[in-house]
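Report on the structure given below.
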Amino acid sequence: MPILTAHLTSGHSPAQKTALLEQATQAVVQSINAPLSSIRMVLQEYEPDSTIVAGKVGAPQLLFVVYLIEGRTPELKAALIAALNQAATASIGISSDDVRVVVRDVAKTDMGMAGGISALAAGR
């Protein structure tokens, strides 16, 4: 049940943001074989005066924070990081140097699933 938050400097068109959401979702499906129905993602935008990159206020940036149920291999996580970077560059035209991905493993007891049960109780 991958859950993603994309933190993005504002200034992108609605079409670009939609493309980012769709392409990032497909990146998750293709890189770690997650079922589409299990993926959740939100986009959080920040005004340029609220961000800083390498000492430059308002510089373009995109940070994905990805929560995964524990157990995926380092190779799958690396594939996910690469796929999300590619989705970002293709959808919003951001440089791959300005994209970061943080992957957080969540214990099966600490991830809630549909029906209000833990991933452990759901047999994940």
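Every value quoted in this text rests on a predicted model; they were computed, and no experiment measured them.
- By the criterion of side-chain heavy atoms lying less than 4.5 angstrom apart, applied directly or through intervening Ile, Leu, Val, Met, Phe, Trp or Tyr residues, Leu80 is not grouped with Val65; the two fall into different hydrophobic clusters.
- Here Arg72 does not pair with Asp105 in a salt bridge; the nearest charged N to carboxylate O distance is not below 4.0 Å.
- Val57 and Pro48 make their closest contact through CG1-O, 3.6 Å (heavy atoms, listed as atom of the first residue, atom of the second, distance).
- Residues that satisfy the side chain to side chain donor-acceptor pair (under 3.5 Å) test with Glu45, not counting sequence neighbours, are Lys17.
- If you take CG on Leu21 and CE on Met41, they are separated by 5.0 Å, rounding to the nearest 0.5 Å.
- What you find for Tyr46 and His7 is that their closest heavy atoms are OH-ND1, 2.7 Å.
- One hydrophobic cluster, built from ILVMFWY side chains closer than 4.5 Å, holds both Val102 and Ile69.
- Note that the NZ atom of Lys77 and the CZ atom of Arg104 stand 10.5 Å from one another [nearest 0.5 Å].
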* Which is it for Leu43 and Thr5 under the side chain to side chain contact (heavy atoms under 4.5 Å, CB included) test, yes or no, and what are the steps along the way? -> CA-CA 6 Å; Leu43 176 64; Thr5 303; over 6 Å; no
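- Taking hydrophobic clusters as Ile, Leu, Val, Met, Phe, Trp and Tyr residues chained together by side-chain heavy-atom distances below 4.5 Å, Ile81 shares a cluster with Leu20.
- Nearest heavy-atom pair across Val66 and Val101 is CG2-CG1, 4.2 Å.
- With hydrogens and angles ignored, the 3.5 Å screen pairs a side-chain donor or acceptor of Gln16 with a backbone N or O of Ser13.
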* Asked: For Thr89 and Asn85, what are the C-alpha separation, side-chain angles and deciding distance, and is it a side chain to side chain contact (heavy atoms under 4.5 Å, CB included)?
  -> CA-CA 6 Å; Thr89 60; Asn85 190 296; 3.8 Å; yes
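- Among all heavy-atom pairs drawn from Ala6 and Leu62, the shortest one is CB-CD1, 3.9 Å.
- Rounding to the nearest 0.5 Å gives a distance of 8.5 Å between CZ of Phe64 and CG of Leu8.
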* How far apart are the C-alpha atoms of Met111 and Ile3, what are their side-chain angles, what is the distance that settles it, and do they pass the side chain to side chain contact (heavy atoms under 4.5 Å, CB included) test? -> CA-CA 10 Å; Met111 177 71 79; Ile3 300 172; 3.9 Å; yes
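- Here the straight-line distance linking atom CD of Gln26 with atom OG of Ser31 works out to 10.5 Å at 0.5 Å rounding.
- The CG atom of Leu63 sits 11.5 Å away from atom OG1 of Thr51, with the distance rounded to the nearest 0.5 Å.
- Across Val53 and Pro60, no two heavy atoms sit closer than the pair CG2-O, 4.1 Å.
- When each of Val42, Val103, Leu84 is paired with Leu4, the side-chain contact (heavy atoms from CB on, under 4.5 Å) condition holds for Leu84 and for no other.
- Within the 4.5 Å cutoff, side-chain heavy atoms of Ile39 are placed close to those of Val29.
- A donor-acceptor contact shorter than 3.5 Å links the side chain of Lys108 to the backbone of Arg124.
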* Stepwise, does the side chain to side chain contact (heavy atoms under 4.5 Å, CB included) test hold for Met1 with Met113? -> CA-CA 8 Å; Met1 181 171 175; Met113 306 292 289; 3.6 Å; yes
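- Between Pro2 and Val28, the shortest heavy-atom distance links the atoms CG-CG1, 3.8 Å.
- Taken to the nearest 0.5 Å, the OG atom of Ser91 stands 10.5 Å off from the CD atom of Gln86.
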